Chemist: 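Mind having a look at this structure? Questions to follow.
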Protein chains: 2
Amino acid sequence: MELDQLTECYKAMADKTRLNILALLRHEELCVCELVEILKMTQPSISQHLRKLKQAKLVKERRNSQWIFYSIDGEIYPFIKANLEALPDMSEKIEQLKQSGGKVCC
Amino acid sequence: MELDQLTECYKAMADKTRLNILALLRHEELCVCELVEILKMTQPSISQHLRKLKQAKLVKERRNSQWIFYSIDGEIYPFIKANLEALPDMSEKIEQLKQSGGKVCC
DNA sequence: ATATTATATAAACATATGGTTATATACTAA
DNA sequence: TTAGTATATAACCATATGTTTATATAATAT
């Protein structure tokens, strides 16, 4: 692959928040406000991280009425599956979101 | 894996020069001055990139008299092989080094 | 239309990063 | 020991990055 494209990919992954987002999206697609809720960060911050991931083609978005749902893309990277599998399991966080009714608002 | 360790790994890979170094080391171990020669960069710059790669445990070093040879490590990462395979082939650069006698000096 | 909710973007700022130059350290050779 | 070669480290600087606050845009609901 092209080094420039690969560099952009690894830059996108070179941040703890963004790895957290990828780890969460491994379980299921999530909208911005759900990520804000789970990661306890401000909405603009999450949005900008998502933009980077999108620019690197690691995630894709899908609009559903007022919400925009993000999910893993990464089709263009032959190694993406192996990398995602190394990410920690986040099912607990997802569970907590559902328990707290956070899933309802979206 | 731990997110902090993974973040450090991807940070280490999030630079074109360092991806170049990894791509080169895929072929064979190289010393600092050979990398300087191939990549046309200053010695301190290469040394600092190597330090980052070493701290992230992506490369290891071996001293042989006055030279320090670097090679791929990455044992701790389950995905490292898949990632290295996505790097471009650098055999031409290695060939050029050998042809130019650059391999002799080290 | 207006208010509300979800998301994106912009501006400002502090910190991180990568390159350069200068210098220190480690080993070799004489 | 002294000189030479290979590598590492430090100091400095310019640029990149991540966060925050404020504001803009888009869709929904009344």
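Fair warning: this is a prediction, and the values are worked out from it, not measured in the lab. Lettering follows sequence order; numbering is per chain, from 1.
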Chemist: Whole angstroms only, please: what is the NZ-C1' distance between B:K11 and C:dG18?
Modeler: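 One finds 13 Å between C1' of C:dG18 and NZ of B:K11, rounded.
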Chemist: Answer yes or no: does a side-chain N or O of A:H49 lie under 4.0 Å from OP1 or OP2 of D:dT17?
Modeler: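 Looking at the OP1 and OP2 atoms of D:dT17, neither is under 4.0 Å from any side-chain N or O of A:H49.
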Chemist: Any side-chain N or O of A:T42 less than 4.0 Å from the OP1 or OP2 oxygen of D:dT19?
Modeler: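 No, A:T42 has no side-chain N/O under 4.0 Å of OP1/OP2 on D:dT19.
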Chemist: Hey, which of these two, B:P44 or A:I46, hits DNA chain C nearer its 5' end, going by closest nucleotide?
Modeler: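 Nearer the 5' end of the strand: A:I46.
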Chemist: Nearest of D:dT7, C:dT20, C:dC27 to any side-chain atom of B:R63?
Modeler: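 Nearest to the side chain of B:R63 among the choices is C:dC27.
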Chemist: Give a yes/no on whether any side-chain N or O of A:R51 is located under 4.0 angstrom from OP1 or OP2 of C:dT7.
Modeler: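 For C:dT7, OP1/OP2 do not have a side-chain N/O of A:R51 under 4.0 Å.
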Chemist: Please pick, from C:dG19, D:dA27, C:dT7, the nucleotide with the shortest atom-to-atom distance to any side-chain atom of B:T17.
Modeler: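 From the listed options, C:dG19 comes nearest.
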Chemist: Using modelled atom types only, decide if a donor and an acceptor are shared between the side chain of A:E34 and the backbone of A:C31 within a distance under 3.5 Å.
Modeler: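 Yes, the answer is positive, given that a donor and an acceptor are paired below the 3.5 Å cut-off.
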Chemist: Return yes if the base of C:dA6 and the side-chain atoms of A:Q43 contain a donor-acceptor N/O pair under 3.5 Å, otherwise no.
Modeler: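 Result: no qualifying N/O pair found.
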Chemist: Please tell me if the side chains of A:E2 and B:P88 come closer than 4.5 Å, counting only heavy atoms from C-beta onward.
Modeler: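 They are not in contact (no side-chain heavy atoms under 4.5 Å apart), so the answer is no.
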Chemist: With a 4.5 Å limit on heavy-atom distance, are the side chains of B:Q48 and B:R51 in contact?
Modeler: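 In contact.
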Chemist: Identify which nucleotide among C:dT9, C:dT20, C:dT17 has an atom closest to any side-chain atom of A:S47, counting heavy atoms from C-beta outward.
Modeler: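 Taking heavy atoms from C-beta onward, the closest nucleotide is C:dT9.
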Chemist: It should be established whether A:Y70 places a side-chain nitrogen or oxygen under 4.0 Å from OP1 or OP2 of nucleotide C:dA6.
Modeler: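 No.
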Chemist: Does any part of the side chain of B:Y70, heavy atoms only, come nearer than 4.5 Å to the side chain of B:L24, both counted from C-beta?
Modeler: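 B:L24 vs B:Y70: side chains apart.
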Chemist: If only atom types and distance count, is the side chain of B:R18 paired as donor or acceptor with the main-chain N or O of B:K11 below 3.5 Å?
Modeler: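 Yes; judged by distance alone, with no hydrogens or angles, the pair exists.
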Chemist: Quick one: B:L19 CG to C:dG18 P, roughly how many Å, whole number?
Modeler: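 So the two atoms are 11 Å apart, to the nearest Å.
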Chemist: In whole angstroms, how far is the P atom of C:dA26 from the CG atom of B:N64?
Modeler: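 Result: 18 Å.
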Chemist: Of the candidate nucleotides D:dT19, D:dA8, C:dT7, which contains the atom at the shortest distance from the side chain of B:I68?
Modeler: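 My answer, after comparing the listed nucleotides, is D:dA8.
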Chemist: Tell me whether the OP1 or OP2 atom of C:dG19 has a side-chain N or O from B:S45 closer than 4.0 Å.
Modeler: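 Yes, because at least one side-chain N or O of B:S45 sits under 4.0 Å from OP1 or OP2 of C:dG19.
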Chemist: Given atom CE of A:M41 and atom P of D:dT20, what is their separation to the nearest angstrom?
Modeler: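 My rounded result for the distance is 6 Å.
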Chemist: Could you give the CZ-to-P distance, from A:F69 to C:dA6, as a whole number of Å?
Modeler: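 After rounding, the gap between these two atoms is 11 Å.
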Chemist: Using a 4.0 Å heavy-atom cut-off, does B:K16 contact any base of the nucleic acid, only the sugar-phosphate backbone, or nothing at all?
Modeler: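 Nothing, no nucleic acid heavy atom in range.
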Chemist: Roughly, in whole Å, what's the span from CG in B:D15 to P in D:dT17?
Modeler: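 After rounding, the reported distance stands at 11 Å.
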Chemist: Rounded to whole angstroms, how far apart are NZ on B:K52 and C1' on D:dT9?
Modeler: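 My rounded result for the distance is 15 Å.
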Chemist: Which nucleotide sits closest to the side chain of B:W67: C:dA8, D:dT20, D:dT7?
Modeler: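 Among C:dA8, D:dT20, D:dT7, the one nearest the side chain of B:W67 is D:dT7.
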Chemist: What integer distance in Å separates A:Q48:CD from C:dA11:P?
Modeler: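 Rounded to the whole Å, the gap is 12 Å.
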Chemist: Does B:N20 form a side chain to side chain contact (heavy atoms under 4.5 Å, CB included) with B:L87? I'd like the steps, not just the answer.
Modeler: CA-CA 8 Å; B:N20 255 312; B:L87 293 172; over 6 Å; no
